[in-house]
Amino acid sequence: MVGNGGVVGNDTPEPSALDWVGKVVREKIINNWESLDKPQHLKTIQERIVIDDRFAGSLLGLYQQILEYGVIVIDESPEKIQLRLTGLVVEENNQLKVYNLIYQFVFNLEWVGKELEKLRTYAESFNAWIESNYQDESRLLRGKALEEALIWAEGKRLSNDDYKFLDASRELDKKSIQRKLKAQEEVNESLLQARQQAEIALEEEKQASQRLLEARQEEEKVNQRLLEAQTNTEIILEEEKRNNQRLLESQKNTEVILEEERKANQRLTDVERKIKRQIRIGGSILAVSVIGAIIAGIFASNGIKQAQEAHEGTRLERTANIALGQFEKQHQEIDALLVAIDTGQRLKELVNDGRPLEKYPAASPILALQTIVDNIQERAQFKGHQGTLYSANFSPDGQRIVTASSDGTAKVWDAKGNLFADLKGHKNEVTSANFSPDRKLIFIGEYDGKAVWDIKGNLLTDFKGHKDRIGSAAFSLNGERIITETYDGSVKVWDVKGNLLANFQAHKGELSSTVFSPDGKLILTTSWDDTPKVWDVKGNFLINLLHGGEVTEAVFSPDGQRIVTASNDGSVKVWGVKGNLLTNFQGHDDRVTSITFSPDGQWIVTTSFDNTAKIWDTKGNLQTNLKGHQKFVISAAFSPDGQHILTASDDGTAKMWDRTGNLIADLKGHQQRVTSAVFSPDGKRILTESSDYTAKVWDTKGNLLADLKEYNKKVSHAAFSSDGKRVLTVFSDGSINAWQVGGLDDLLARGCNWLQDYLVNHPETRERLRVCQVKR
């Protein structure tokens, strides 16, 4: 009881149970949690977020949004999936939120800020820029600080604000450099003009001095000729006297000469008799001598011809570059095309012996023709989607193209851009579309489902039964089965009619890849648990491949008898399909980024973060070390005959090597990393893609043949058709182009066709351009 302002008895109120629980949680869990976390739980959550600094920035940025807004919408982005897998957040009603209040108090905004500052080398400037509502340019990075920040950010997944900060810094630095360059150019221009004026004055003075010197020399020559004429008079008289003396002596010697002639005739008669006896032997020797002389003449002629051809090739390169300049800088379409066709015509006359492309004495005429006809002619463009384009793929025969879009449709086109079939009816975004190996079926992937259509647009089956969202799917090589995987680690095998053939839980977490063996009898799965597994098509578990370390790649050999796995520790291992370790490759000093078999399966090329690619035989013997890239090698590809290898690198180049490690061609021209480099199906051309959003076509000597670009558009994907005569490019704005990349004859024909009306009105030009007189 309470009375007279005091407490009576022992009736003091106790704290509520809720307050008591909160106090215990703060004292026993939240406060000083690092020392109280036993057995370890909160530290495990923390490590999952920040252990890999490549992804930590992005994960912390997403989690920061959840703390600020309570929830964020979930999607298929790898960052949100990885954040959910840490256990810090939970999915509810297609949204991510903090798993519980304890996590929210421990991993609060203050903790996020401290962790981000640990990651960022530029934290102070970054925070000040954010506080200024992204306006204070004085906080942006420049020069060496920007360079160091970009190097630190390379290969990491950062928050959107980090990328905004770095992009703004890069743009400001670029503008600063441009201002300096412009000022320097103005100074250089002034210096150049002054230098040119001084050179003109010096040249005029030099010419005047030269003329004066020549006049003096001519005067000296006249005086010298007069002196020589006087001297020669005595010489002529003396010579006449000697001639008369020789005439007298010759008369005296006439009889002697006649006697010598008689003796010579006798010797000649004797020689003729000997020649008749030796004529058969001598004839053979003479024939050999004549043949040798002919061969020597041929070699000499070939050497002269090669020198002339090289000289003409240089002239053609120069003229083709003039045509490109007329087209790209002066916008003279017809004039540029006329020059390009004339140059191509002269090149055609040089290579009319049927030599391959890499033996041409010049490549710029092809580049000029390709650039001009690509940009003045209407190309096959695929228009019809109402949303973002996610994928575009050729059919195996190259006659059809299938596209997938966020508008919920997939479409089938012919190679000219005509709509062939419209695959409608999907409820969500269509994220992928691929032809079956026999091109009769199309497999469609949408946000939460899959379906199979025939080539005419008839829906054959709709796959149902997965509890989680489907991540990827693939046909077996014979086209009879389809495999699907989901983010919960489950795998299902279907026939093309939608019948479920197998259903199994492959891994506990998200799968990183699922592939059929070449014969379609085995399935190889990999996951973040670092243990690739092999299954039969009925879903029966067969073997674990205990590589050790994070497995970055796992592939079947072309014959399906071996499996190769690679790890982030630089090791590569070859296994039998029964799980027996056959060999262990040791040679890379850093993470292996890709594994590629030669077409015959006898050679393996691996690429790595250690800036090299290596060629091995299947027994693990290192055959060749491909050194020359300045940054890590992203991928490698064999030529169709297996004799050459292409490597693509983060240093902005692709390189072509022979199998013994000789550098054959250095493909330079991209401004950022080359993400892919592949041979055309006939091995005569090379297609490169880059993160600078361009695609280029080269010959096997490294000469640029085509620059596949459109004004203000970025290429996000490119691929050869099966015949190698076309390249499909997908642009970041969702548009698609199909480019013709045929030979010299094709380009000349396209140019002549475009000029038909012009040539009718200019017969003198038509007469000069003989290639345009051919009936097509």
Side-chain angles (χ1 to χ4, degrees), residues 302-377 379 665-669 684-686 694 696-711 727 739-774 776:
N302 284 341
I304 294 171
K305 182 179 179 181
Q306 289 174 0
Q308 291 173 340
E309 186 175 282
H311 178 69
E312 180 64 15
T314 302
R315 289 180 56 200
L316 294 178
E317 293 278 357
R318 199 161 44 236
T319 307
N321 288 328
I322 292 172
L324 272 174
Q326 286 180 301
F327 182 77
E328 293 181 336
K329 298 179 181 178
Q330 303 171 21
H331 309 294
Q332 299 172 356
E333 292 185 352
I334 293 179
D335 291 342
L337 182 55
L338 290 172
V339 174
I341 291 178
D342 182 64
T343 308
Q345 176 177 268
R346 285 187 282 159
L347 177 61
K348 179 179 172 67
E349 292 168 353
L350 280 179
V351 299
N352 61 2
D353 52 5
R355 72 184 71 179
L357 180 62
E358 66 270 15
K359 299 292 186 181
Y360 282 19
S364 291
I366 297 176
L367 175 61
L369 281 168
Q370 185 80 54
T371 301
I372 295 171
V373 299
D374 276 343
N375 286 279
I376 62 176
Q377 288 186 323
R379 288 185 298 279
D666 203 355
L667 282 55
K668 297 181 178 179
K684 295 180 179 179
R685 291 176 176 82
I686 297 167
T694 66
K696 301 178 188 292
V697 180
W698 318 72
D699 66 15
T700 54
K701 289 196 300 184
N703 297 309
L704 183 62
L705 300 180
D707 203 353
L708 309 182
K709 60 184 179 182
E710 280 201 7
Y711 176 72
V727 173
W739 312 74
Q740 290 179 256
V741 288
L744 179 59
D745 289 340
D746 293 335
L747 291 169
L748 288 170
R750 291 170 63 191
C752 290
N753 288 337
W754 194 85
L755 285 172
Q756 280 182 350
D757 293 340
Y758 177 87
L759 295 175
V760 169
N761 298 316
H762 296 80
E764 71 287 353
T765 303
R766 186 182 185 91
E767 185 67 25
R768 178 168 55 83
L769 299 180
R770 297 177 298 280
V771 292
C772 293
Q773 300 172 24
V774 179
R776 306 182 191 282

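Values reported hereafter were calculated over all heavy atoms of this structure, with side chains retained and with hydrogens, waters and symmetry mates removed. Owing to the predicted nature of the structure, the values given are computational and were not obtained by experimental measurement.
When all heavy atoms are compared, the tightest approach of G344 to L369 is CA-CD1, 4.3 Å. Heavy-atom minimum distance, Q370 versus V741: OE1-CA, 3.8 Å. The two residues L759 and C772 make their nearest non-hydrogen contact at CD1-CB, 3.7 Å. Taking both residues in full, the closest heavy atoms of I686 and D699 are given as CD1-O, 4.0 Å, listed atom of the first, atom of the second, then distance. Taking both residues in full, the closest heavy atoms of R315 and R346 are given as NH2-NH1, 3.8 Å, listed atom of the first, atom of the second, then distance. What you find for A368 and A340 is that their closest heavy atoms are CB-CB, 4.4 Å.
W698 has its side chain out of reach of L705: every pair of non-hydrogen atoms, C-beta onward, lies at least 4.5 Å apart. T694 has its side chain out of reach of K709: every pair of non-hydrogen atoms, C-beta onward, lies at least 4.5 Å apart. Taking 4.5 Å as the limit, some side-chain heavy atom of L350 sits within range of a side-chain heavy atom of L316. The shortest distance between side-chain heavy atoms of Y758 and L338 falls below 4.5 Å. Considering only heavy atoms from C-beta on, N352 stays 4.5 Å or farther from K348 through its side chain. Residues V373 and W754 are not in side-chain contact: their nearest non-hydrogen atoms beyond the backbone lie 4.5 Å or more apart. Taking 4.5 Å as the limit, some side-chain heavy atom of R355 sits within range of a side-chain heavy atom of P361.
The environment of D757 atom CG is sparse: at most 12 non-hydrogen atoms of other residues, nucleotides or ligands sit within 6.0 angstrom. Heavy-atom contacts from other residues, nucleotides or ligands closer than 6.0 Å to NZ of K701 number more than 12. By the 6.0 Å contact criterion, CD on E767 is open, its count of non-hydrogen atoms from other residues, nucleotides or ligands being 12 or less.
How far CD of Q345 is from CG of L744: 10.5 Å, rounded to the nearest 0.5 Å. To the nearest 0.5 angstrom, D745 atom CG is 6.5 Å from L748 atom CG. For the atom pair L769 CG and L755 CG, the distance stands at 7.5 Å (nearest 0.5 Å). Rounding to the nearest 0.5 angstrom, the gap separating the CG atom in L347 from the OG1 atom in T319 is 11.5 Å. One distance of note links CD1 of I372 with CD1 of I334; it measures 12.0 Å at 0.5 Å rounding.
Listed by chain and residue number, E317, A320, N321 satisfy the side-chain contact (heavy atoms from CB on, under 4.5 Å) test with S364 (two or more places apart in sequence, or in another chain). For D335, there are no salt bridge (charged side-chain N to carboxylate O under 4.0 Å, His left out) partners two or more places apart in sequence or in a different chain. Residues that satisfy the salt bridge (charged side-chain N to carboxylate O under 4.0 Å, His left out) test with D746, not counting sequence neighbours, are absent from this structure.
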Show your working on side-chain contact (heavy atoms from CB on, under 4.5 Å) between R770 and Q773 and close with a plain yes or no.
CA-CA 5 Å; R770 297 177 298 280; Q773 300 172 24; 4.2 Å; yes
Take V771 and C752, measure what side-chain contact (heavy atoms from CB on, under 4.5 Å) needs, and give me the verdict at the end.
CA-CA 8 Å; V771 292; C752 290; 4.1 Å; yes
